[in-house]
Amino acid sequence: MNIVRTIGELRTQGRVGLVPTMGAFHEGHLSLMRAARAECDTVVVSLFVNPAQFGEPGDLAAYPRDAERDAQLAAEAGVDVLFVPGAAEMYPEGFATWVDVDTTGGEADARPGHFRGVATICLKLFNIVRPALAFFGQKDAQQVAVLRRMVRDLNVDVQLRVLPTVRDADGLALSSRNARLTSAERQRALALPRALGAARGAADPVAAMRAALNGLEPEYVELLRVGDATLLTAAARVGSTRLIDNVVLEGELA
Ligand code: AMP
């Protein structure tokens, strides 16, 4: 596996698959890398903790980083190129152009500017790596909806693949931020996936979800359309850690 830090050093061939990440790899990331490996000739994983998509400065500073372990895991997953640009490579002096996808609800309202940062970095990565396919997790379903919109609106020549959310045995969706939970917080956090499960099939899933949260105060509980699929999405803060999760209620996230 080649570890590449500058755009000029990137080399690919054949059908290219891109997995954009912010590192601190877990099985969720690895499932995307394996899916890319199965479908592509060159697998590029980008590892960039994108300052533009963080709101609270403390969140960016506390974001887990483990470059050596990440490189090892990516190599084991069969990744060809680990692209680890510095901030100056992605946002050179004078940077002034942003992709602003008009979207509301859920994370868009809870984290103003978040999707602008996500859409901008993803379009840059698509232009730099030129992948035929890009792989994303259902865990961040609204991100997929925003990127689908951008790809359609700006005629970006890439196909987006969405892979199911990988969970721990207790049901909690894997997230780099889970490392910050104490064991008591983790127990409380389990209300999130449990309530999503309980709401599935209910006549009013939003109300059913709220009722099943076991005292956990949600930031929002909302229905989200992604293509033909309808999802139930929620966010909640447990201690200082903010968690998001979702389930598909109807249709398929293809
Ligand atoms: P991140 O490093 O958090 O930006 O995530 C990089 C990619 O991994 C995104 O497409 C996420 O949706 C995806 N991802 C994160 N957590 C999971 C998970 N538990 N299962 C599947 N994909 C995930």
Side-chain angles (χ1 to χ4, degrees), residues 17-39 43-55 59-60 62-67 69-71 73-74 77 79 82-85 90 106-107 111 114-126 129 131 133-148 150-151 158-181 186 189-190 192-193 196-197 224 226 229 231 233-235 241-248 253-254:
L18 170 67
V19 183
T21 81
M22 299 203 300
F25 295 154
H26 51 61
E27 275 299 318
H29 299 109
L30 298 179
S31 73
L32 304 183
M33 295 177 204
R34 292 187 196 114
R37 181 69 285 159
E39 245 192 306
V43 176
V44 180
V45 171
S46 59
L47 194 176
F48 181 62
V49 183
N50 177 28
Q53 70 188 70
F54 285 81
D59 191 29
L60 174 62
Y63 201 81
R65 291 166 170 87
D66 196 341
R69 180 174 171 274
D70 284 350
L73 290 172
V79 170
L82 186 62
F83 178 48
V84 194
M90 297 310 272
E107 294 297 291
R111 304 178 71 187
H114 172 66
F115 286 126
R116 179 173 105 139
V118 168
T120 303
I121 201 71
C122 284
L123 183 60
K124 285 173 64 71
L125 288 168
F126 294 160
V129 176
L133 298 168
F135 296 78
F136 295 90
Q138 179 195 325
K139 162 90 184 341
D140 299 278
Q142 198 177 356
Q143 166 170 287
V144 171
V146 165
L147 294 176
R148 284 239 168 101
M150 175 188 82
V151 161
V158 64
Q159 249 180 290
L160 305 190
R161 291 268 194 275
V162 190
L163 277 287
T165 302
V166 178
R167 298 177 182 280
D168 258 329
D170 58 10
L172 193 66
L174 295 185
S175 164
S176 307
R177 290 188 174 88
N178 292 355
R180 294 193 220 155
L181 296 169
R186 199 186 157 96
L190 291 179
L192 194 58
L196 284 167
L224 172 73
V226 186
L231 286 77
T233 62
T241 309
R242 190 170 178 281
L243 301 173
I244 60 169
D245 202 350
N246 67 74
V247 289
V248 176
L253 255 188

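Every value quoted in this text rests on a predicted model; they were computed, and no experiment measured them. We count ligands from 1, going down the list as the structure has it; atoms in each ligand are counted the same way.
Protein heavy atom nearest atom 10 (O) of ligand 1, with residue, atom name and distance: Gly137 N, 3.0 Å. Protein heavy atom in closest approach to atom 11 (C) of ligand 1: Asp140 OD2, 3.1 Å.
Less than 4.0 angstrom separates some heavy atom of Phe136 from each of these atoms of ligand 1: 10 (O). Ligand-side atoms of ligand 1 in range of Tyr63: 3 (O), range being under 4.0 angstrom from any heavy atom. Near Pro164, with a cut-off below 4.0 Å to any heavy atom, the atoms of ligand 1 are 20 (N), 21 (C). Every atom of ligand 1 with a heavy atom of Leu174 under 4.0 Å away is listed here by number and element: 16 (N), 17 (C), 18 (C), 19 (N). Shown in contact with Thr165 at under 4.0 Å from a heavy atom are these atoms of ligand 1, numbered in order with element: 19 (N), 20 (N), 21 (C).
The CD1 atom of Ile244 sits 4.5 Å away from the CG atom of Asp140 when rounded to the nearest 0.5 Å.
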Next item on the list: Step by step, work out the side-chain contact (heavy atoms from CB on, under 4.5 Å) result for Arg242 and Asp59.
Entry: CA-CA 10 Å; Arg242 190 170 178 281; Asp59 191 29; over 6 Å; no
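Side-chain contact check for Pro193 versus Arg167: some heavy-atom pair is nearer than 4.5 Å.
Listed for the Asn246 side chain is a donor-acceptor partner under 3.5 Å among the backbone atoms of Lys139. At distances below 3.5 Å, at least one donor-acceptor pair connects side-chain atoms of Ser31 with backbone N or O atoms of Gly28. Looking only at distances, a side-chain donor or acceptor of Asn178 sits under 3.5 Å from a matching main-chain atom of Ala173. Without hydrogens or angle criteria, Asp66 side chain to Ala24 main chain gives no donor-acceptor distance under 3.5 Å. Although no hydrogens or angles enter the test, the distance criterion places no donor-acceptor pair under 3.5 Å between the side chain of Arg161 and the main chain of Gln159. When atom types are taken as modelled, the side chain of Asp170 and the backbone of Leu172 share a donor-acceptor pair closer than 3.5 angstrom.
At a heavy-atom distance under 4.0 Å, atoms from both the backbone and the side chain of Met22 approach ligand 1. Contacts of His26 with ligand 1, taken as heavy-atom pairs under 4.0 Å, involve the side chain alone. Contacts of Leu32 with ligand 1, taken as heavy-atom pairs under 4.0 Å, involve the side chain alone.
Phe48 does not count as a contact of ligand 1, since none of its heavy atoms falls under 4.0 Å from the ligand. At least one heavy atom of Pro20 sits under 4.0 Å from some atom of ligand 1.
Which of Gln53, His29, Glu27 comes nearest to atom 1 (P) of ligand 1 through a heavy atom is settled by distance: it is His29.
By the 3.5 Å distance cut-off applied to N or O atoms, Val166 is counted among the residues near ligand 1.
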